[in-house]
Number of protein chains: 2
Amino acid sequence: MLCYYISDINPAGPANASVILGAKRMSTTQTMSTLDPLTHDHDQCIARALDEAERLCAQRGVRLTPLRRRVLEEIWQHHEVVKAYDLIHRLSTEDHTVKPPTVYRALEFLLEQGLIHRIESLNGYIGCSHPALAHQCQLLICRGCGQVEELDDPTLSAALQREAESHGFRVDQQIVEVRGLCPHCAPAGADVSAR
Amino acid sequence: MLCYYISDINPAGPANASVILGAKRMSTTQTMSTLDPLTHDHDQCIARALDEAERLCAQRGVRLTPLRRRVLEEIWQHHEVVKAYDLIHRLSTEDHTVKPPTVYRALEFLLEQGLIHRIESLNGYIGCSHPALAHQCQLLICRGCGQVEELDDPTLSAALQREAESHGFRVDQQIVEVRGLCPHCAPAGADVSAR
DNA sequence: GTCAGAAATGTAATAACATAACATTCTGGT
DNA sequence: ACCAGAATGTTATGTTATTACATTTCTGAC
């Protein structure tokens, strides 16, 4: 259960795409560890995420409105962290400026439905790779390419839960974020200074 | 290795002290799990933290300047999360307003020296309970009283590290924050709505 | 169909968090 | 006393997020 793709180059995106300058449009869906950067059909990837979202919202009786769907779609454009104000800019046009509350409300909905994750250490958001089930995930955040791998290791979350409970703590939510370098950026790690 | 005290009531603090209205000044130092809210000498607690900081900085050849010491002291006033702008207000007087960079630079220094932890999910800071050794800690953050228990379970951090590495990820930093209710607030949990 | 209430969205203003850029002061070594 | 580097002061601004209230859209009861 994980998802970690090399996205297309996004000239307007977070300023770190240059690290993976070799990667371009791709063809099949794969999990990270086995992913050939050259073989990922991201259009299909977006489509699957949106279909799944439609399905889950219908099933739950909540409304994936055009706006909410649009925000989710933007978040899935790349496998990189997306900032709220990026979304505001991306959704705005010459004749219509989207205001912060609009985007934050959509994000709130998507978070509630488990369709996206918030990355606390970056004030950003990414699509959830397996939204069908509630879960406590672990996020591996690459400071090289800005991409995020979502892990869902039940052993880890159970261990953390157990440890917290052993101190009498009642757990609502786990926030587990690992910062470092992904397999694609680590080899060139010497070139990737701290960000 | 942990620290979790009931602080004095802080009328100017994060607006959640009412939950522990019964707790007041105390007398001995104890770890959380065994702590009687009525028996914690917080003056001694602050003094120890500052002494330890002085010692470590001297040992490392870095300067715990009056300003930095003052910021650390303010952070240790209570065992609750402290915000940067709280510090700005607390350090400002009628005739001198402390500006954001001043505080942020002091925080940066204290973070570098491992004397405080940043809490990503709250944009806040707390004193580190065992600054002598570099460590990856787990923070238990109570939404009832705003207090934070710092765990340092090497098994957990090693497990997370191992899991990340098994996905080819090179770990720089772990951020592990558990949100929920501490033992003192959990019993009254029904009264403590989400914050 | 239409109407009332709820849900969603729009808008303006501002709060909360953080940094860049440059000036000044302090500190320790010579 | 002088210098270099560290630390702090100051101004301005960038970034992230929320409050409060107006308007529109949707849904279900009739």
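Nearer to the 5' terminus of DNA chain C, by closest-nucleotide assignment, is the contact made by A:R63 (compared with the other of A:Y85 and A:R63). Heavy-atom distances to DNA chain D give each of B:P66 and A:P101 a nearest nucleotide, and the one nearer the 5′ end belongs to B:P66. The nearest heavy atom of DNA chain D to B:V62 and to B:T97 marks one nucleotide each, and the one closer to the 5' end goes with B:V62.
Residue B:R105 is classed as a base contact, given a heavy-atom separation below 4.0 Å to a base. In this structure, B:T65 reaches the sugar-phosphate backbone alone: every heavy-atom distance under 4.0 Å involves primed, P, OP1 or OP2 atoms, never a base. Here A:R70 lies out of heavy-atom contact (under 4.0 Å) with every strand. Among the protein residues, B:R69 comes within range of no part of the nucleic acid, since none of its heavy atoms lies under 4.0 Å from any strand.
Here D:dT10 is the nucleotide among D:dT10, C:dA8, D:dA17 with the atom lying nearest to any side-chain atom of B:H96. Of the candidates D:dT16, D:dT8, C:dA18, the closest approach to any side-chain atom of B:L67 belongs to D:dT8. Distances from the side chain of B:Y125 to the nucleotides D:dT10, C:dA18, D:dT18 place C:dA18 closest.
The NZ-C1' distance, from B:K99 to C:dT19, rounds to 16 Å in whole Å. The CG-P distance, from A:L122 to C:dT19, rounds to 12 Å in whole Å. One atom, CD1 of A:I88, and another, C1' of D:dT15, lie 10 Å apart when rounded to the nearest Å. The distance between atom OH of A:Y104 and atom P of C:dC17, rounded to the nearest whole Å, is 13 Å. Spacing between atom CD of B:E108 and atom C1' of D:dA7 amounts to 12 Å, rounded to whole angstrom units. As rounded to whole Å, 15 Å separates atom P of D:dT25 from atom CZ of A:R68. Atom pair A:L111:CG and D:dA17:P shows a separation of 11 Å (rounding to whole Å applied). Rounded to whole angstrom, the span from the NZ atom of A:K83 across to the C1' atom of C:dA18 amounts to 11 Å.
Side-chain atoms of B:Q147 and B:H184 form no donor-acceptor pair, as typed in the model, at a separation below 3.5 Å.
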Handout entry: Steps toward side chain to side chain contact (heavy atoms under 4.5 Å, CB included) verdict (B:L139, B:V176)
Key = CA-CA 6 Å; B:L139 301 174; B:V176 179; over 6 Å; no
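Salt-bridge annotation for A:E177 and A:R179: absent, with no side-chain N of the basic residue lying under 4.0 Å from a carboxylate O of the acidic one.
At D:dT16, none of the side-chain N or O atoms of B:N123 fall inside 4.0 Å of OP1 or OP2 (strictly under the cut-off).
By the rule that hydrophobic residues join a cluster once side-chain heavy atoms approach within less than 4.5 Å of another member, B:I175 and A:V171 end up as members of separate clusters.
Relative orientation of the B:H42 and B:H78 rings is parallel, given thresholds of 30° and 60° on the angle between their planes.
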